[in-house]
Amino acid sequence: MHPRRSPARIRAFLAALILPCSLLQGLIIQGVAAAPAQAADPLLSQGRPATASSAESAGMSAAAAVDGNTGTRWSSAFSDPQWLQVDLGSTASVTSVVLRWEAAYARAFRIQVSDNGSTWTDIYSTTTGAGGTQTLTVSGSGRYVRMYGTTRATGYGYSLWEFEVYGTTSGGPPPGGGGDLGPNVHVFDPSMSSASIQSTLNSVFTQMESNQFGLQRHALLFKPGSYNVNANIGFYTSIMGLGRNPDDVTINGQVRVDAGWFGGNATQNFWRSAENLSITPSGGTNQWAVSQAAPFRRIHVRGNLNLAPTGYGWASGGYIADSRIDGTVQPYSQQQWFTRDSNIGGWLNGVWNMVFSGVVGAPAQTFPEPPYTTLDTSPVTREKPFLYVDGSGNYQVFVPALRQNSRGANWPGSGSSIPLTQFYIAKPGDTAATINAALAGGLNLLFTPGIYHVNQTINVNRANTVVLGLGYATIIPDNGAVPMRIADVDGVKVAGLLFDAGSVNSPILMEVGPSGSSATHAANPISIQDVFFRIGGAHAGKATTSLVVNSDNTIIDHIWAWRGDHGTGIGWTVNTADTGLIVNGDDVIAYGLFVEHYQKYQVIWNGQRGRTIFFQNEMPYDPPNQAAWMNGSTRGYASYKVADSVTSHEAWGLGAYCYFNVNPSVVAERGFETPVRSGVRFHSLLTVSLGGNGVIAHVINDTGGPAQGTATIPVKIVNFP
């Protein structure tokens, strides 16, 4: 029996209900019933990130004291001192603090503020705390506020039902929702002439065709109707239909990506997308010759789809989801590809690694030859939110519903619509403080195309918040900030963003749930979709880890985490980055996982019952020598590491490649590393040495291999163990 719920404790509690009037009156004076009916200043702390010196159990974490629920609480270890702090997101003038104590309260404590979370100033102090509900009038300024307890009133720890901080932020009232989409969003409607639309499309493509590391960003939006145009799609350009369903917008022509700018080589056709429209292709076949970070979502192709560049030059990986291709998908020279929850008329061929999950018309499972890995259904999915125009001409964001064991395209599909008036429309130049104020005010967030520098973390703390980027909106952290953190809450959806590491090292570029997150989100997971990470290329960037997932049940649906191998600011000691993805949460699933060139493990999976469907990786190109790339006494780092403590994990369709062009004598001991247990299973794995530049000695643990030689022939393992 829990000591706090012993019969003696319950009897004492019941006896305390019979109190003399004088004692009851004294309790009211001390604050048991003295909390204000309505605070003069707004509540700043609810839903904000909270941390503590300790927690009695996982269910009594710091977050429970700022969740607005007086039925949940934070409780510390049974020792002194202990503290609880909350990050308000930006500097605030703090005017009052309300402490709603459980029976285990503080006799002596301080209220402190800080600008940096490390240097603290007292704004209240007492050695005669009486517990109950204490409403404290204070005066101080800071981003962080904490209760620092030095003496407990009981033998238990410190326990707060709620820790409420009131005051005003320096930014004034939160910004409003809605408004225009800015100059980098080009909206077309059927009343416009084909010539004028084509002129705009051509102008954008001329600017973006070879603009691989430029600052320009564009979104091409088509209102419902039919258009006779050809849209060539260059870098940082998204083309999207504004119908509720893809067939509401028809492009009679091409939505094309080719590789003429790069001599017929499509391996650098990154950062572009097509979404939510139909294509009736001229000539019967639409061309979409892309590599990483180029999703093809909610598209209906009334014909064939060619994934190769003109001349069948190299192409290296892509992603299709929630689409219908009436004809045949023709990969030709594509080395690997992932298709999820779609309908296809046929599939022509495979080179190294073709993976299908929940695809009607997919080829049967035949890996290793042909290299098809096929799952009949996708375990749990939620399609990406998208912008559309309703029947009254108003912008809405549609949020598709969660699906279990999904198969085939999901439209029209079920879900809910959120008016654009409930979104803060962010534009380049907006600060993190402004964005945080909008989020704290209850708005969702839509980033218009452009570059956003942030000097502090964007905190997404409210359940079911939608954060949607258009046209590869790019967030760059300054001064080593973590650009985005998501609280351990239900149903947050983040989609369509590019995080580009700044010149000062950031420890993380995006964190999903704080360390130690333990809440279950099985009924309403957090989802991360078409979110991309870059370290170097546009400038010398540094980030230790790109994405850390602490929240259970998270859905990762198409990411590309890339430590740059070309462009500006590239070098072994220049664009430094240890790991692309670390998963600490349980029951996390990843579809379309592209992680490349990091300097240690590319992926580390610590959580239980994780699943990955399709993984593409290239090891770092640039270890200067073997001594510079050692994992203890082991040569190099595996691309995909399942922690030794994991007892349940499963993955399908994984490829790891080496191209040690700086020093081809470098060896990686293995592509994949895992504990050997019956509950940890891998299917359809391969390793490749590209042109014989380096060696991967084994595929997984000490099984398979070596991948070597100029013939560039994969080494394949069907199942492990």
For this session: Report yes or no: is the cationic atom of Arg563 (NZ for Lys, CZ for Arg) under 6.0 Å from the centre of the six-membered ring of Tyr598, at an angle within 45° of the ring normal?
Result: no
Exercise. Can Arg244 be said to sit on top of Trp411's aromatic six-ring, NZ or CZ under 6.0 Å from centre and within 45° of the ring axis?
Worked result: no
Short side-chain donor-acceptor distance under 3.5 Å, [Y] and [X]:
X	Y	result
Asp341	Ser357	no
Asn202	Gln198	yes
Arg297	Tyr319	yes
Gln529	Asp557	yes

Min side-chain heavy-atom separation [X]-[Y] under 4.5 Å:
X	Y	result
Tyr236	Gln216	no
Thr285	Gln330	yes
Val249	Asn276	no
Glu511	Val549	no
Val359	Arg340	no

For [X] and [Y], I'd like to know if the aromatic rings sit close, meaning centre-to-centre distance below 6.0 Å.
X	Y	answer
Trp271	Tyr472	no
Trp337	Trp352	no
Phe594	Phe614	yes
Phe447	Tyr452	yes
His597	Tyr659	no
Phe532	His558	yes
Phe222	Tyr227	yes
Trp288	Phe296	yes

For this session: Just say parallel, tilted or perpendicular for the rings of Phe188 and His186, cut-offs at 30° and 60°.
Result: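 Phe188 vs His186 ring planes: parallel.
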Exercise. Between Lys542 (side chain) and Val574 (backbone), is there a donor-acceptor pair under 3.5 Å?
Worked result: yes
Exercise. Is a donor on one side and an acceptor on the other found under 3.5 Å between the side chain of Asn343 and the backbone of Gly361?
Worked result: no
Problem set entry | Qualifying residue for side chain to side chain donor-acceptor pair (under 3.5 Å) with Ser316, from Glu618, Glu596, Gln334, Gln336 |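 Only match with Ser316 under side chain to side chain donor-acceptor pair (under 3.5 Å): Gln336.
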Ionic contact status for [Y] with [X], cut-off 4.0 Å:
X	Y	answer
Glu275	Arg298	no
Glu209	Arg272	no
Arg302	Asp326	no

Problem set entry | Result of checking Trp261, Phe213, Phe205, Phe270 against Phe235 for ring pair (Phe, Tyr, Trp, His ring centres under 6.0 Å) | Trp261
For this session: Using the side chain to side chain contact (heavy atoms under 4.5 Å, CB included) rule, take Ser238 and His218 through it: C-alpha gap first, then chi angles, then the decisive distance, then the call.
Result: CA-CA 7 Å; Ser238 298; His218 295 277; over 6 Å; no
